[in-house]
Amino acid sequence: MPEASLNAIRLKRVLLLLPVLVLVALVSSWFWGDLQQAEAALPSLTLETLDGKPYPLSASPGKTRLVELIYTRCPDVCPTTTFKMVQLQKRLTDAGIMGKNVEFLTITIDPQNDTADVLQRYADQLQIQTQGWTILRGDESTIQSVSRSLGFVARKSADGFISHTTSTYLVNANNEVIRTFGMGDDFNTDLIYQELVSKNKEGL
């Protein structure tokens with residue numbers, strides 16, 4: 001059989017199999033995504049607040065926590081997410097549940113550069129209020145353990161830029177991740193507000 005005909009047959013087979021391969025890939029991603037989310041949690045480790053006090057990531061009875069992992073030199077998605085969380089904080093404060101039933105955690109993924117002073121300037125610039133919101137840092141090893149436990153991936157390049165997962169995490173009183181949301185433009189304040197108010201009514 002001529003080589004051109006064989007190539008045509010092979011191409012036809014590949015095209016016929018392509019939809020099946022795409023379907024398999026999608027199903028696999030859904031399965032593993034659900035599995036990773038089901039296993040994700042805040043680990044039982046201790047980080048440090050901006051004033052140098054230890055902050056155990058222990059279970060928080062009666063509270064739901066929204067967790068963001070950021071670095072202050074991030075040019076876009078991190079500050080955008082934090083700014084939207086500031087807006088969300090105001091709405092939750094007006095609803096009477098911020099700090100009481102809902103807490104925010106901001107954890108730096110760049111502890112080498114994000115000192116306590118740098119993080120404080122970041123908080124001041126974005127007008128973070130301390131009620132119910134804690135900013136945390138730790139050594140590289142501890143931060144990596146937190147990231148792995150949440151399923152958050154971060155890779156630093158030579159220029160200091162960090163490519164990372166664009167997810168925020170809703171954590172229940174047992175430290176289990178019960179839902180993930182996007183970051184930056186994909187951080188939907190209305191959706192997350194309704195979710196937090198709903199969880200508060202459920203007493204989770």
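To the nearest 0.5 Å, the span separating CE on Met85 from CD1 on Ile70 amounts to 9.5 Å. Note that CG of Leu69 and OG1 of Thr165 are 9.0 Å apart. Values are rounded to the nearest 0.5 Å. With values rounded to the nearest 0.5 angstrom, Leu92 atom CG is found 9.0 Å from Leu66 atom CG. Within the model, atoms CG of Leu196 and CZ of Arg65 stand 13.0 Å from one another, a figure rounded to the nearest 0.5 Å. Expressed to the nearest 0.5 Å, how far OH of Tyr71 lies from CD1 of Ile162 amounts to 5.5 Å. How far CD of Gln89 is from CZ of Phe104: 6.5 Å, rounded to the nearest 0.5 Å.
Of all heavy-atom pairs between Gly62 and Ala173, the closest is N-CB, 3.8 Å. Across all their heavy atoms, Ile109 and Ala154 have their closest contact at CD1-CB, 4.0 Å. Closest of all the heavy-atom pairs between Thr46 and Pro54 is CG2-CB, 3.8 Å. When all heavy atoms of Cys74 and Pro79 are compared, the closest pair comes out as O-CD, 3.6 Å.
Using a 4.5 Å heavy-atom threshold, the side chains of Leu105 and Tyr55 count as touching. Met183 places none of its side-chain heavy atoms less than 4.5 Å from the side chain of Ser167. Contact check for Val118 versus Asn113: no side-chain heavy atoms found under the 4.5 Å cut-off. Counting only heavy atoms from C-beta outward, the side chains of Lys199 and Ile178 approach each other to under 4.5 Å. Contact of the Lys63 side chain with the Asn172 side chain is not registered, since no non-hydrogen atoms from C-beta on lie closer than 4.5 Å. Residues Glu68 and Ile107 have side chains not in contact (no heavy-atom distance under 4.5 Å, counting atoms from C-beta outward). Contact annotation: the side chain of Leu136 approaches that of Leu57 to within less than 4.5 Å [non-hydrogen atoms, C-beta and beyond]. By the 4.5 Å heavy-atom criterion applied to side chains, Asn188 and Phe181 are not counted as neighbours.
Within the 3.5 Å criterion, the main-chain N or O of Ser145 finds no donor-acceptor partner in the side chain of Ser149. Although no hydrogens or angles enter the test, the distance criterion places no donor-acceptor pair under 3.5 Å between the side chain of Thr180 and the main chain of Thr168. Between the side chain of Arg137 and the backbone N or O of Asp114 there is at least one donor-acceptor pair closer than 3.5 Å. In this structure, Ser198 contributes its side chain and Gln194 its backbone to no donor-acceptor pair below 3.5 Å. Here the side chain of Thr82 pairs a donor or acceptor atom with the backbone of Cys78 at under 3.5 angstrom.
Judged as a salt bridge (Lys or Arg N to Asp or Glu O under 4.0 Å), and not counting sequence neighbours, the contacts of Lys156 are Asp110. Qualifying ring pair (Phe, Tyr, Trp, His ring centres under 6.0 Å) partners for Phe152, counting only residues two or more places apart in sequence or in other chains: His164.
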*Test side-chain contact (heavy atoms from CB on, under 4.5 Å) on Ile97 and Val197 and set out the steps.*
CA-CA 8 Å; Ile97 60 175; Val197 169; 4.3 Å; yes
_Lys84 vs Asp190, test: salt bridge (Lys or Arg N to Asp or Glu O under 4.0 Å). Steps then yes/no._
CA-CA 10 Å; Lys84 289 188 172 186; Asp190 290 333; over 6 Å; no
*Going through the checks in order, is the side-chain hydrogen bond (donor to acceptor under 3.5 Å, both in side chains) test met by Asp159 and Ser157?*
CA-CA 5 Å; Asp159 61 1; Ser157 60; 2.3 Å; yes
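There is a side-chain donor-acceptor pair under 3.5 Å between Asp51 and Thr49.
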Using a 3.5 Å cut-off and no angle test, enumerate the donor-acceptor pairs between side-chain atoms of residues 123-135 and protein atoms at least two apart in sequence or in another chain.
{"from": "Asp124", "atom 1": "OD1", "to": "Gln120", "atom 2": "NE2", "distance (Å)": "3.0"}
{"from": "Gln131", "atom 1": "NE2", "to": "Met98", "atom 2": "O", "distance (Å)": "3.0"}
{"from": "Trp133", "atom 1": "NE1", "to": "Thr106", "atom 2": "OG1", "distance (Å)": "2.8"}

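Heavy-atom contacts from other residues, nucleotides or ligands closer than 6.0 Å to OH of Tyr193 number more than 12. Surrounding CD of Gln112 are at most 12 heavy atoms belonging to other residues, nucleotides or ligands under 6.0 Å away. Counting heavy-atom neighbours within 6.0 Å of Asp185 CG, excluding the residue itself, gives a total of 12 or less.
Tyr169 and Val153 fall into different hydrophobic clusters, defined by Ile, Leu, Val, Met, Phe, Trp and Tyr side-chain heavy atoms under 4.5 Å apart, directly or through other members.
The pair Glu195-Arg179 counts as a salt bridge, with a side-chain nitrogen and a carboxylate oxygen less than 4.0 angstrom apart.
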